[in-house]
Amino acid sequence: MKTVKIKPLETNSKLIVLGFYEDKKELSEIQTELDKKFLGVISSNILKNFTGKFNEILTFPLENGVKIVALGLGKYNEFTSKKLRELIVKNYSSIQKLAADGVISFEHILNDNVCKKCLISSVPLGINLGNYKFDKYKTKKQDKKVENIELLTLTDDSDLDEAINMAEIISNSMNFTKDLVFESAEIMTPNKVSEIATDLAKNYGIEIKVYNKNKLKEMGFNAFLAVGQGSVQEPKFIHLTYKSENPKKKVALIGKGITFDSGGLDIKPPSSMLTMKTDMTGCATVLGVMKAICELKPEIELHVMSALCENMPSGSSYKVGDVLISKSGKTIEVDNTDAEGRLTLADVLTYADSINPDEVIDIATLTGAVIVALGNNITGIMGNNQEMIDEFIETCKLTGEPVWQLPIFDDMQDNLKSDIADMKNTGPRYAGSSVAGRFLENFTKSKKWLHIDIAGTAYIDKPYSELQKGATGVMVRSLVKYLTK
Ligand code: BES
Ligand code: MN
Ligand code: ZN
């Protein structure tokens with residue numbers, strides 16, 4: 001997909017999308033220019049016949065083969081850039097069908113309450129998200145996609161170009177993440193993910209280390225290896241490093257990489273297992289973030305890490321009652337083999353300490369409890385540094401990704417008391433997400449650690465706002481924004 005800025009009168013496109021507010025019955029500057037070119041049809045016809053209600057869409061064919069699509073923006077004071085993306089994603093298929101030559105022109109919609117950059121970049125972002133479909137296994141593929149976007153704008157501001165470029169990079173990264181998540185576990189094995197990560201590193205000329213089982217044994221990743229030991233797939237640990245010339249901070253970004261979570265011997269019921277190929281979304285997300293960072297080249301040092309394995313029941317599986325000597329030396333009694341993500345993350349958090357990062361962030365489809373607490377559209381976050389949490393929340397407000405902080409109290413450790421080891425990996429059912437967070441906290445020495453639980457938001461069964469159903473690529477945007485600002 002290619003996006004260019006263009007002056008309204010210079011377009012030869014056959015499909016022009018214009019936005020109309022419900023409560024502002026006047027032409028925008030861009031519409032005024034086009035109105036002259038199209039002999040007053042916008043002022044005389046469209047403005048009169050179109051209500052502008054949010055999500056209303058109407059096509060006006062003109063005589064010269066040009067079609068104008070009117071998009072209802074709703075109330076002026078309620079409009080946001082997120083709503084614009086939502087409109088584009090929701091109406092994508094009808095717009096795309098009208099764009100016979102794969103080109104669409106889109107008005108740079110303006111609103112005094114929303115930044116210009118946010119509004120213009122929402123168009124390529126929305127279209128690239130709308131463009132996405134995981135149809136590799138469909139014998140009948142999606143209709144042709146939008147190839148070229150012309151953004152009709154009167155502004156020459158080079159800031160806008162930067163925002164457009166960023167939107168393209170970020171939406172491509174989100175789609176990259178979604179591709180990994182949608183793929184079946186049979187294909188997206190630990191080894192396959194490590195190959196994809198290696199290709200990514202080669203492509204951008206960054207460093208990658210891939211550790212295999214024997215090496216991991218030597219390095220003491222015992223909690224991680226226990227989780228993978230019931231599977232025929234060999235576990236892998238990947239560590240990618242991006243480093244700019246004068247990095248302002250060093251961040252370790254860890255993604256949960258369970259390529260399939262059957263629950264292990266504490267096997268999941270069928271309905272809970274259905275989507276468990278997505279249990280590597282944390283890994284897919286941090287790889288997506290790394291891809292964007294390699295293209296945006298901010299002044300940071302970013303370490304992306306993921307422990308990849310399958311959690312399977314078999315004769316060689318780890319068992320409840322096993323005591324694992326984690327990489328940190330702390331011992332963990334296995335209380336439930338389905339609480340595997342935190343075991344793998346524990347060892348990675350310890351490994352991350354060894355590079356002395358300024359900040360540590362982990363992202364994981366960690367607990368069903370976060371869905372009980374926040375549903376499928378709000379991501380749970382927690383950590384050990386309120387300033388860092390607040391900064392992340394502010395970032396998410398900018399990107400429009402809903403997040404909510406959950407508490408971690410020190411005495412939650414009581415839930416994890418073991419008679420024979422330093423702790424158990426689970427406790428009573430209540431406050432499950434926070435208790436999981438408390439568990440993880442034992443394994444980081446960092447004073448700035450943030451934990452993101454995307455169990456509810458990684459994969460959704462109905463569309464929400466600007467997100468289509470299925471893999472969402474959630475948090476790619478916010479993490480990239482957080483790391484680049
Ligand atoms: N991968 C699951 C969490 C999950 C649930 C992700 C639903 C996406 C959707 C995790 O490994 C898990 O099984 N957690 C258990 C923990 C429990 C045994 C303490 C859970 O939440 O049920
Ligand atoms: Mn599990
Ligand atoms: Zn899991």
Side-chain angles (χ1 to χ4, degrees), residues 181-182 185 188 190 193 223-224 226-231 233 235 254-285 306-313 317-322 332-348 362-380 406 412 415-418 423-440 451-462 469-472 474-475:
V181 176
F182 267 119
M188 203 50 69
V193 179
F224 166 39
V227 173
Q229 78 189 30
S231 166
Q233 300 293 340
I254 301 166
K256 172 172 168 181
I258 302 295
T259 59
F260 190 75
D261 181 12
S262 70
L265 291 179
D266 286 315
I267 196 160
K268 287 179 183 294
S271 60
S272 307
M273 208 190 293
L274 262 182
T275 56
M276 283 303 128
K277 68 173 186 186
T278 70
D279 213 20
M280 38 59 77
T281 302
C283 175
T285 306
S306 185
L308 291 148
C309 71
E310 269 184 347
N311 185 21
M312 297 293 275
S317 294
Y318 78 136
K319 305 169 187 75
V320 292
D322 286 358
I332 309 162
E333 182 184 4
V334 178
D335 185 63
N336 189 315
T337 63
D338 198 11
E340 82 298 335
R342 63 195 76 183
L343 295 171
T344 66
L345 291 169
D347 281 348
V348 184
D362 76 74
I363 177 160
T365 46
L366 203 63
T367 63
V370 81
I371 314 176
V372 177
L374 301 175
N376 283 112
N377 303 317
I378 303 170
T379 295
L406 298 173
M412 285 173 170
N415 292 297
L416 300 169
K417 267 198 184 126
S418 160
M423 69 192 92
K424 295 188 298 185
N425 69 334
T426 58
R429 184 153 67 90
Y430 300 116
S433 306
S434 293
V435 173
R438 184 67 194 88
F439 177 88
L440 293 178
H451 163 57
I452 308 175
D453 194 337
I454 51 169
T457 51
Y459 198 86
I460 55 182
D461 60 10
K462 44 179 183 303
K469 74 174 200 173
T472 56
V474 70
M475 290 295 125

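Note that the numbering runs from 1 along the sequence shown for the chain. Remember, it's 1-based here, ligands and their atoms both numbered in the order they're listed.
At a 3.5 angstrom cut-off on N or O pairs, D279 counts as close to ligand 1. Not one N or O of R342 is nearer than 3.5 Å to an N or O of ligand 1, by distance alone. Taking distance alone, with nitrogen or oxygen atoms compared against 3.5 Å, N336 stays at or beyond that limit from ligand 1.
A donor-acceptor pair is defined here as one N or O able to donate and one able to accept, closer than 3.5 Å; such a pair exists between the side chain of D453 and the backbone of L366. Under the 3.5 Å distance criterion, the side-chain polar atoms of S306 are matched with a main-chain donor or acceptor of G255. Panel note: side chain N415, backbone M412; a donor-acceptor pair is recorded below 3.5 Å. The backbone N or O of F224 sits less than 3.5 Å from a side-chain atom of D347, completing a donor-acceptor pair. T337 contributes a side-chain N or O that, together with a main-chain N or O of G263, makes up a donor-acceptor pair within less than 3.5 Å. Using a distance-only test at 3.5 Å, with no hydrogens or angles considered, no donor-acceptor pair links the side chain of Y318 to the main chain of Q229. With hydrogens and angles disregarded, a donor-acceptor distance shorter than 3.5 Å links the side chain of S231 to the backbone of Q233. Under the 3.5 Å distance criterion, the side-chain polar atoms of T457 are left unmatched by any main-chain donor or acceptor of T379. Between the side chain of N336 and the backbone N or O of N425, no donor-acceptor pair lies under 3.5 Å.
Neither the backbone nor the side chain of M280 has any atom closer than 4.0 Å to an atom of ligand 1 (non-hydrogen atoms only). Contact annotation for I371 and ligand 1: only side-chain heavy atoms (C-beta onward) come within less than 4.0 Å of the ligand. Of the heavy atoms in R429, none comes closer than 4.0 Å to ligand 1. Contacts between D338 and ligand 1 below 4.0 angstrom, taking non-hydrogen atoms only, involve backbone and side chain alike.
Look at L366 and the Zn ion (ligand 3): no N/O/S atom of the residue is under 2.8 Å from the metal. Distance check for D279 against the Zn ion (ligand 3): an N/O/S atom falls below 2.8 Å. With 2.8 Å as the limit, D279 does not count as an N, O or S neighbour of the Mn ion (ligand 2).
Separation of atoms CG (D338) and OG (S262) is listed at 7.5 Å; rounding is to 0.5 Å.
A heavy-atom separation below 4.0 Å is found between K268 and ligand 1.
Nearest-residue assignment for atom 19 (C) of ligand 1 (options T426, N311, T337; heavy-atom criterion): T426. The closest non-hydrogen atom to atom 9 (C) of ligand 1, taken over M273, M276, K256, comes from M276. Of all the listed residues (S262, G368, A455), G368 holds the heavy atom that lies closest to atom 20 (C) of ligand 1. Taking each of I258, L274, L343, L366 in turn, the one with a heavy atom nearest to atom 10 (C) of ligand 1 proves to be L366.
Seen from the Zn ion (ligand 3), atom OD2 of D261 and atom NZ of K256 lie 170° apart in angle, a value rounded to 10°. Annotation: angle subtended at the Mn ion (ligand 2) by D261 OD2 and D338 O is 170°, to 10°.
Taking atom 2 (C) of ligand 1 as the reference point, the nearest protein heavy-atom neighbour is D261 OD2, 3.5 Å.
Side-chain contact annotation: T281 with T365, donor-acceptor N/O pair under 3.5 Å absent.
Close approach of ligand 1 to E340 (heavy-atom distance below 4.0 Å) involves ligand atoms 11 (O). The atoms of ligand 1 that sit less than 4.0 Å from any heavy atom of T365 are 1 (N), 2 (C), 3 (C), 6 (C).
No other N/O/S atom of E340 lies as close to the Mn ion (ligand 2) as OE1 does. If you look at E340 and ask which of its N, O or S atoms sits nearest the Zn ion (ligand 3), the answer is OE2.
No more than 12 heavy atoms of other residues, nucleotides or ligands shown are found within 6.0 angstrom of NZ on K417.
With respect to K256 and D362, no salt bridge is recorded, no charged nitrogen being found less than 4.0 Å from a carboxylate O.
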